[in-house]
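Hydrogens, waters and symmetry mates play no part in the numbers below; they use all other heavy atoms, side chains included. Since the model is a prediction, treat every value here as computed from it, not as a measurement. Below, chain A is the first sequence line, B the second, and so on; all start at residue 1.
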Amino acid sequence: MTQAVRVRFAPSPTGLMHLGSLRTALYDYLLARKTNGQFILRIEDTDQNRLVEGSIENLIDSLKILGINCDEGPEIGGNYGPYIQSQRLEIYHQHINELLDKGLAYHCFCTKEELDQHRQAQMNLKQNPKYSGKCRSLTPDEIKAKIDAGLDYVIRLKMPEDRTFSFNDAIRNKVEIDSSLVDDQVILKSDGFPTYHLAAVVDDHLMQITHVLRGEEWLPSTPKHIYLYECFGWTPPIWVHLPLLLNTDRSKLSKRHGDFSVQNYLNLGYLKESIINFVALLGWHSAEDRELFTLEELVNEFSIERVNKAGAIFDITKLEWMNGWYMRNLDVKYIAQEAKPFFTKANIDVSDHNKYLKVIATAREYASTLIQLIDFSKVYYQDFTLSDEDLAIVKEENSQKVLSWFHIKLKAQAEWTKDEINALVKEAIATLGIKGKHLYFPLRIALYGSSHGPEIPTLIDNLGLNEAIRRLSLFL
RNA sequence: GACCCCUUCGUCUAGGGGUUAGGACUCCAGAUUUUCAUUCUGGCAACAGGGGUUCGAAUCCCCUAGGGGUCGCCA
């Protein structure tokens with residue numbers, strides 16, 4: 001795809017940004033960057049009842065943190081603004097009036113109760129629930145009278161009958177839906193706000209969107225959108241219906257099964273690198289069968305042609321592995337910096353930067369998230385309590401020999417390099433005649449609080465000489 | 001219920017007429033490591049079923065089944 005695309009990510013501000021939205025935004029972004037096109041953020045806040053305060057900020061922040069930068073949007077503006085739908089009401093009204101004038105839409109005065117009743121009756125008869133068309137042929141006089149009487153109304157799109165809507169989806173190829181199945185969609189609600197269907201089509205056209213990437217759940221309503229394009233005499237965009245992200249039980253990813261917000265994974269200590277990399281792989285696969293990618297590499301590799309049709313279960317096990325991989329392979333300074341807020345929150349004073357870096361370098365071999373880093377680091381900062389088993393090992397006669405020998409030796413020198421400590425360990429083996437776990441376990445237990453863990457020179461180096469000596473003395 | 005979409009190891013997936021059906025995660029085993037973690041090597045594990053078409057089908061066609069989505073003045 002060499003033609004520059006204009007794509008939009010158009011979330012509703014109804015809560016925290018979740019992983020499904022992130023994937024859509026990511027694919028939008030990758031496509032835009034790859035073709036030197038534009039990635040636009042548009043806020044679809046036409047449902048005033050579902051607005052959640054702070055969602056717009058969370059959306060913008062999440063994208064920013066992950067490095068998915070947009071070219072146009074509410075924060076940065078652009079030539080096609082405003083980018084928040086509640087600020088574009090006049091535009092929608094103009095377009096709805098145009099449809100009304102052309103006789104392609106009509107006023108509907110049916111109350112919610114009436115509609116619900118009608119729907120229920122149809123469902124009871126096992127019929128396809130659909131609007132009755134009751135208000136389809138109201139005369140202008142009747143309409144005026146009802147409006148004058150102060151009745152609430154909506155505007156509906158008059159869907160043509162006996163037509164087959166056929167369209168080409170970039171992922172699913174040809175899709176056909178019979179128009180008799182498509183309802184006379186409400187395009188303007190009684191509160192004066194447009195519905196998604198109208199607003200999205202108008203905006204996508206006015207903002208010159210070339211590719212509409214959205215979840216598969218929109219497939220059945222695409223005929224409505226195509227028909228709207230037709231009514232306005234516009235050319236529809238290329239449709240790209242992405243496979244759904246699924247819960248472990250194969251249902252659409254939802255809050256009921258857990259917190260799938262981007263914020264949640266960030267809070268859990270997942271790196272943005274792995275979140276992006278992992279989410280990219282849910283429905284897309286590189287031609288080279290490679291799986292580890294930076295965002296920049298994804299831009300180069302990504303293509304819609306290689307997006308799958310089938311939904312993908314979000315399974316955290318692989319994310320965990322991938323995050324661990326990034327923890328171990330990214331620059332240790334970067335990991336340390338990203339981990340710092342977690343340490344601060346856990347009240348661990350890591351102001352000794354040198355020590356902190358050493359600790360992180362060691363701990364990241366054991367941890368698969370930033371937050372787990374704390375579990376493997378706090379022992380260098382805080383005292384610990386021993387298990388009965390470990391305490392027994394330390395109390396053994398040979399253990400005591402080892403500990404006191406090291407205690408004396410370490411005090412004899414003001415500074416020790418890791419190499420020197422290594423030599424010291426060898427000397428201990430030779431002079432004490434104690435080796436293997438009988439040597440290492442008591443040392444590690446006294447210094448680190450566990451018989452398993454990093455090697456002795458590393459422990460002493462991370463702890464600092466004085467602290468190491470102090471800990472040894474504690475068990476003598 | 002109607003319509004639409006989908007179906008390769010447990011999971012993410014490659015392959016799209018001739019492959020020992022490949023990779024990754026998980027799990028198991030071995031090696032390395034004083035230990036643990038890492039790393040490396042190896043192993044277990046899949047074409048939903050049935051019919052066609054074809055010399056040959058995981059791949060193309062049809063049917064069935066299963067799963068999902070949609071059917072709102074939500075998006």
In this structure, how many angstroms lie between the C1' atom of B:C12 and the CZ atom of A:Arg290, rounded?
17 Å
What about A:Asp289: does its side chain form a donor-acceptor pair under 3.5 Å with the base of B:G22?
yes
Do A:Arg328 and B:U38 share a donor-acceptor pair, side chain to base, under 3.5 Å?
no
With RNA chain B as reference, determine whether A:Leu282 or A:Thr317 sits nearer its 5' end, using the nearest nucleotide of each.
A:Leu282
Starting from P on B:A24, measure out to CG on A:Leu281 and report it in whole angstrom.
13 Å
Whichever of A:Trp284 and A:Asp152 has the more 5' nearest nucleotide on RNA chain B, that residue is A:Trp284
Between B:C55 and B:G15, how far apart are the C1' atoms? Round to whole Å, please.
23 Å
Does B:A75 have its OP1 or OP2 closer than 4.0 Å to a side-chain nitrogen or oxygen of A:Lys189?
yes
From CG of A:Asn323 across to P of B:A24 the rounded distance in Å is 20 Å
Hey, are A:Arg306 and A:Glu301 close enough for a salt bridge, meaning a charged N less than 4.0 Å from a carboxylate O?
no
Whole-Å gap separating C1' (B:C27) and NZ (A:Lys318)
15 Å
Are the ring centres of A:Phe314 and A:Tyr265 closer than 6.0 Å?
yes
Rounded off to whole Å, could you give me the CG-to-C1' distance for the A:Asn329 and B:U39 pair?
11 Å
Residue A:Pro220, side-chain atoms from C-beta onward, closest of B:A75, B:C12, B:U70:
B:U70
Could you work out the separation of B:G49 and B:C12 based on their C1' atoms and round it to a whole Å?
25 Å
A:Asp315 has a side chain; which of B:A75, B:U11, B:C73 sits nearest to it?
B:U11
Could you identify the nucleotide paired to B:G69, looking across every strand shown and requiring Watson-Crick or G-U wobble geometry with both distances under 3.5 Å?
B:C3
Phosphate contact (B:G68 OP1 or OP2) by A:Asn247 side-chain N/O below 4.0 Å
no
Sugar-phosphate only, base, or nothing, as touched by A:Thr14 at under 4.0 Å among non-hydrogen atoms
nothing
Classify A:Asn49 by what it touches in the nucleic acid, base, sugar-phosphate, or nothing, heavy-atom distance under 4.0 Å.
nothing
Looking at the side chain of A:Tyr440, which of B:C5, B:U34, B:U38 is the nearest nucleotide?
B:U34
Could you check whether A:Glu44 gets within reach of a base, just the sugar-phosphate, or nothing at all, counting any heavy atom under 4.0 Å?
sugar-phosphate
Between B:C25, B:G23, B:C73, which one does the side chain of A:His285 approach most closely?
B:G23
Looking only at atom P, what distance separates B:C28 and B:G69, rounded to whole Å?
34 Å
Between A:Trp321 and A:Phe278, is the ring pair (Phe, Tyr, Trp, His ring centres under 6.0 Å) condition met? List the steps.
CA-CA 10 Å; A:Trp321 161 78; A:Phe278 181 70; 9.3 Å; no
Please classify the nucleic acid contact of A:Gly283 as base, sugar-phosphate, or nothing, using heavy-atom distances under 4.0 Å.
sugar-phosphate
Give me the distance, rounded to whole Å, that separates B:U38 from B:U33 when you measure between the C1' atoms they each carry.
9 Å
If I pick the P atom on B:G18 and the same atom on B:U13, what distance separates them, to the nearest angstrom?
24 Å
Only pairs with both distances under 3.5 Å count, Watson-Crick or wobble alike; so what is the partner of B:A29 in this structure?
B:U41
From B:U34, B:U26, B:U13, nucleotide with atom closest to A:Ala312 side chain
B:U13
Find the distance A:His197:NE2 to B:U70:P and express it as a whole number of Å.
12 Å
Which is true for A:Arg306 with a 4.0 Å heavy-atom rule: it touches a base, it touches only sugar-phosphate, or it touches nothing?
sugar-phosphate
Nucleotide paired to B:U11 in any strand shown, Watson-Crick or G-U, under 3.5 Å
B:A24
Consider the side chain of A:Glu217, meaning its heavy atoms from C-beta on, and name the nucleotide among B:A24, B:C6, B:U70 that approaches it most closely.
B:U70
On a whole-Å scale, what distance lies between the P atoms belonging to B:A21 and B:C27?
27 Å
Need one value for A:Ser451: base, sugar-phosphate or nothing, where a base atom within 4.0 Å counts as base even if backbone is also close, heavy atoms only.
base
Counting heavy atoms from C-beta on, name the nucleotide in B:C36, B:U34, B:C4 closest to the side chain of A:Ile456.
B:U34
What's the gap between B:A24 and B:G50 when it is taken at their P atoms, as a whole Å value?
31 Å
A:Asn277 CG - B:C25 P separation (whole Å):
13 Å
Would you classify A:Arg50 as touching base, sugar-phosphate or nothing, given that sugar-phosphate means primed atoms plus P, OP1 and OP2, and contacts are heavy atoms under 4.0 Å?
base
What nucleic acid atoms does A:Lys112 come within less than 4.0 Å of, heavy atoms only: base, sugar-phosphate, or nothing?
base
Answer yes or no on whether A:Arg364 is positioned over the face of A:Tyr366, meaning its NZ or CZ is under 6.0 Å from the six-membered ring centre and within 45° of the axis.
no
From B:U11, B:A75, B:U35, nucleotide with atom closest to A:Glu455 side chain
B:U35
Of the candidate nucleotides B:C25, B:A75, B:A2, which contains the atom at the shortest distance from the side chain of A:Asn128?
B:A2
Taking only the C1' atom of each, what is the distance from B:C4 to B:C60 in whole angstrom?
23 Å
Report yes or no: is the cationic atom of A:Lys355 (NZ for Lys, CZ for Arg) closer than 6.0 Å to the six-membered ring centre of A:Tyr381, at no more than 45° off its axis?
yes
What's the closest nucleotide to the A:Ser251 side chain, out of B:A75, B:U26, B:G69?
B:G69
Could you tell me whether the phosphate oxygens of B:A2, OP1 or OP2, come under 4.0 Å of any side-chain nitrogen or oxygen in A:Lys130?
no
Would you check if the distance from the ring center of A:Tyr356 to the ring center of A:Phe343 is below 6.0 Å?
yes
When the aromatic ring centroids of A:His225 and A:Tyr196 are compared, is their separation below 6.0 Å?
yes
Can you check the A:Leu181 CG to B:G69 C1' distance for me, whole Å?
14 Å
Please work out if A:Val186 contacts a base, only the sugar-phosphate, or nothing of the nucleic acid, heavy-atom cut-off 4.0 Å.
sugar-phosphate
For residues A:His107 and A:Tyr153, establish whether the separation of their ring centroids is below 6.0 Å.
yes
Distance to the ring centre below 6.0 angstrom and angle to the axis at most 45 degrees; does that hold for A:Arg8 and A:Phe39?
no
